[in-house]
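Structure record follows, encoded as C-alpha cells.
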Amino acid sequence: MLDIGYQELGNPVLLVDVALCFVAQTGGGLITDEPLWDWTLSKGYVTEEYVKYILSGDNSQYDPGEEWSTGDSRFIWQEGLLHHRQLVGKVNRNGIPIAYLKLLEYNKPITDEDVNKLNTLCKFLAICMNSSMGTSDQEDSLIDTLLTSMLTQRLYDKYAIEERVNRFGLKLYENLSVIVLGTRGLITDRIYFIKKKMKNFLNRETVITFKGNLIILYDCKTKVPFSENELINLEKLCADFNIKAGISNSFKEIYKFESFYHQALTALELSTETNHKERVAFYDEFCIHHMVSLFSEHSDPVVLIHPAIKFLKEHDMEYSSELCPTLKEYLKNNQDLSLTSSALHIHYNTLKYRINKIIELTDLSFSDKTIFRLHLSFIVFDYLTETGKSNLLK
C-alpha cells in the first residue's frame, strides 16, 4: 500500500506507530541528506530530540477542512529539525491515533491533490491496521473496560470484580498501588504517546485514560512500588513531558482500586496546588495536607494553628528574630539540639538560648500532644501560604 502511495505522491513515505517507532517505508532508501530519516530507518525509532520537538507543539498545522470518517482530520506540517518539509497525517482508529504517516517533500512540492491522496491513504491504513489487530489488543480493551468500570462505580461488587479479573487472565503481584499522571488538558496525540511510553517504562498494560488523566494500576513484588533508581527515572519521564504524578499508598485487594485512585489523584492535586517541586508525589507525604484541605471546606483552618505559633510569628516580625523557624527545625529534628544547630548553621549555645527564649515567651511544654499540635500548626501555616490563602492568617 505504501508502494502505491509512493508512486502516486512522488515523494518518500514513512509510517511510524503512536510511540514514533518505525513500521514501514518506501522511497526512503534514495534519500541522501535527511539525517532524521536515516536514523529512523537504521535504528527503528526516532531520535529523542525529534520527540521533544514534536511534543513541544513547535509546528504549524494544515487542515484541509474535511472531516475524516476515522476521526480527527488534522494534518501537521513539520519543519525545523528537518532539511525538507514533511506533511504528517494521523492514522486514527475510533478517533484515537494509532500511527502517523509522513510524506517528505523531497522530490517535488506537495500539492493540494497530494494532501487529498495522503488523506485517502491514511484512511486505508486505518482499516488495514484495525483488521490486523490481534487478541492482545482485544485483551487490553477488556482490561481497560474493567478498570474504567471500577472507577465509575458501575462495577463495585468484590466478587464480581474478582471473577472478571480471573476470566480476563489478569495476573498481578500482591502489592498494588495507583498512579495518576496529570495529562488533563494535553492534546490527545500527546496523551497517547505518553501512555505508550509509560506502558513500556513500567512494563504494564494496566494503563488507561480517565477524565483526561492517565491512570495506572501498578503491581509489584515489594511493598515499596519503586526503587530509588526507578523513581529517578519516573521523575525524569514526568519532567520530559512537563507533567506530575500522584501515587497512592499500597494495597492488596483489586476491588479497592477506586478508593486508592482517589488517594493518588489527591496527591497529584495537592502537589500541584502547593507548588511541590518534585514531579512525583506520594499520598503518604500529603495525607495531613488532605486532612487540612477537607477541614477547610467546613471550617476556618486557622483555628488549627497553635497560639504560640501566631505569637512567635508576630514576635519575629517585630524584633527581626528567628524564633519561629528555629522551633520548626527543632521539631523537625525530633528536638535534637546537635542536629538542629547543624541544620540552621548556628552555634549549639545560640540554639539553646533561642529554645529557652521560646519557652519563656510562650510557656510551651513539649509534651507529645503539644508537639503534634505544633507540627500540625506549621503544616497548616505552610499549606495556606503555598496555596495562596495566606490572607486567612491576618
Side-chain angles (χ1 to χ4, degrees), residues 16-22 36 39-40 43-61 72 74 76 78 80-81 88 90-92 95-100 102 140 144 147 151 177-218 225-248 261 263-283 285-286:
V16 295
D17 67 14
V18 72
L20 303 181
C21 294
F22 174 79
L36 281 177
W39 175 281
T40 305
K43 301 289 186 180
Y45 54 92
V46 303
T47 64
E48 285 299 315
E49 183 184 16
Y50 181 75
V51 170
K52 289 179 180 178
Y53 163 75
I54 296 300
L55 295 182
S56 71
D58 183 21
N59 47 64
S60 57
Q61 298 175 0
D72 194 347
R74 188 178 61 189
I76 305 171
Q78 292 174 347
L81 292 178
V88 181
K90 285 191 284 187
V91 180
N92 288 356
I96 297 171
I98 58 173
Y100 299 97
K102 304 176 181 225
D140 292 349
D144 286 6
L147 296 180
L151 291 180
S177 56
V178 180
I179 305 170
V180 176
L181 297 172
T183 55
R184 186 180 298 157
L186 300 182
I187 60 173
T188 303
D189 292 30
R190 188 166 185 175
I191 292 174
Y192 279 93
F193 180 82
I194 297 172
K195 181 177 181 179
K196 188 80 172 181
K197 275 280 192 178
M198 283 298 169
K199 280 187 173 184
N200 293 339
F201 171 69
L202 299 173
N203 193 26
R204 300 290 187 277
E205 293 299 323
T206 48
V207 183
I208 65 172
T209 307
F210 183 70
K211 293 186 176 180
N213 290 324
L214 285 177
I215 316 299
I216 303 163
L217 174 62
Y218 185 70
F226 296 105
S227 67
E228 186 175 343
N229 285 336
E230 288 172 335
L231 194 57
I232 290 172
N233 289 330
L234 181 58
E235 286 267 2
K236 185 179 182 304
L237 266 178
C238 289
D240 287 343
F241 298 128
N242 194 28
I243 59 175
K244 284 190 169 187
I247 303 180
S248 74
Y261 153 72
Q263 269 196 10
L265 181 62
T266 297
L268 171 64
E269 291 174 342
L270 286 172
S271 170
T272 303
E273 189 180 11
T274 59
N275 297 311
H276 189 59
K277 65 178 181 178
E278 304 296 337
R279 291 281 178 176
V280 178
F282 289 86
Y283 178 76
E285 302 171 18
F286 287 90

Heavy-atom side-chain proximity of [X] to [Y] below 4.5 angstrom:
{"X": "Arg279", "Y": "Asn242", "answer": "yes"}
{"X": "Leu214", "Y": "Ile243", "answer": "no"}
{"X": "Glu285", "Y": "Glu278", "answer": "no"}
{"X": "Ile215", "Y": "Leu147", "answer": "no"}
{"X": "Asn233", "Y": "Phe201", "answer": "yes"}

Counterpart residues, ring pair (Phe, Tyr, Trp, His ring centres under 6.0 Å), relative to Phe210 (two or more places apart):
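Expected list: Tyr261.
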Step by step, would you call Val280 with Phe226 a side-chain contact (heavy atoms from CB on, under 4.5 Å)?
CA-CA 11 Å; Val280 178; Phe226 296 105; over 6 Å; no
For the atom pair [atom1] ([X]) and [atom2] ([Y]), what is the distance rounded to the nearest 0.5 Å?
{"X": "Ile216", "Y": "Arg204", "atom1": "CD1", "atom2": "CZ", "answer": "10.5 Å"}
{"X": "Tyr100", "Y": "Asn92", "atom1": "OH", "atom2": "CG", "answer": "8.0 Å"}
{"X": "Ile247", "Y": "Leu231", "atom1": "CD1", "atom2": "CG", "answer": "6.5 Å"}
{"X": "Thr209", "Y": "Leu181", "atom1": "OG1", "atom2": "CG", "answer": "10.0 Å"}
{"X": "Phe193", "Y": "Thr188", "atom1": "CZ", "atom2": "OG1", "answer": "15.0 Å"}
{"X": "Ile98", "Y": "Lys90", "atom1": "CD1", "atom2": "NZ", "answer": "12.5 Å"}

Holding to side-chain contact (heavy atoms from CB on, under 4.5 Å), I want the full list of residues that pass it with Asn229, two or more places apart in sequence or in another chain.
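Listed in chain order: Ser227, Ile232.
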Closest heavy-atom pair, Leu268 versus Ala245, reported as atoms and distance to 0.1 Å, is CD1-N, 4.0 Å
Taking all heavy atoms of Ser177 and all of Pro225, pick out the closest pair and write down the distance.
OG-CB, 3.9 Å
Only counting residues at least two apart or in another chain, list the ones meeting salt bridge (Lys or Arg N to Asp or Glu O under 4.0 Å) with Lys195.
Asp144
Lys244 side-chain N/O to His276 backbone N/O, donor-acceptor pair under 3.5 Å:
yes
Do the side chain of Ser248 and the main chain of Gln263 share a donor and acceptor less than 3.5 angstrom apart?
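Such a contact is absent between Ser248 side chain and Gln263 backbone.
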side-chain contact (heavy atoms from CB on, under 4.5 Å) evaluation trace for Ile208 with Leu151:
CA-CA 11 Å; Ile208 65 172; Leu151 291 180; 3.8 Å; yes
With side-chain contact (heavy atoms from CB on, under 4.5 Å) as the test, would you mind laying out the steps for Leu234 and Glu230 before giving the verdict?
CA-CA 6 Å; Leu234 181 58; Glu230 288 172 335; over 6 Å; no
For the pair Phe241 and Ile191, evaluate side-chain contact (heavy atoms from CB on, under 4.5 Å) and give the outcome as yes or no after the intermediate values.
CA-CA 10 Å; Phe241 298 128; Ile191 292 174; over 6 Å; no
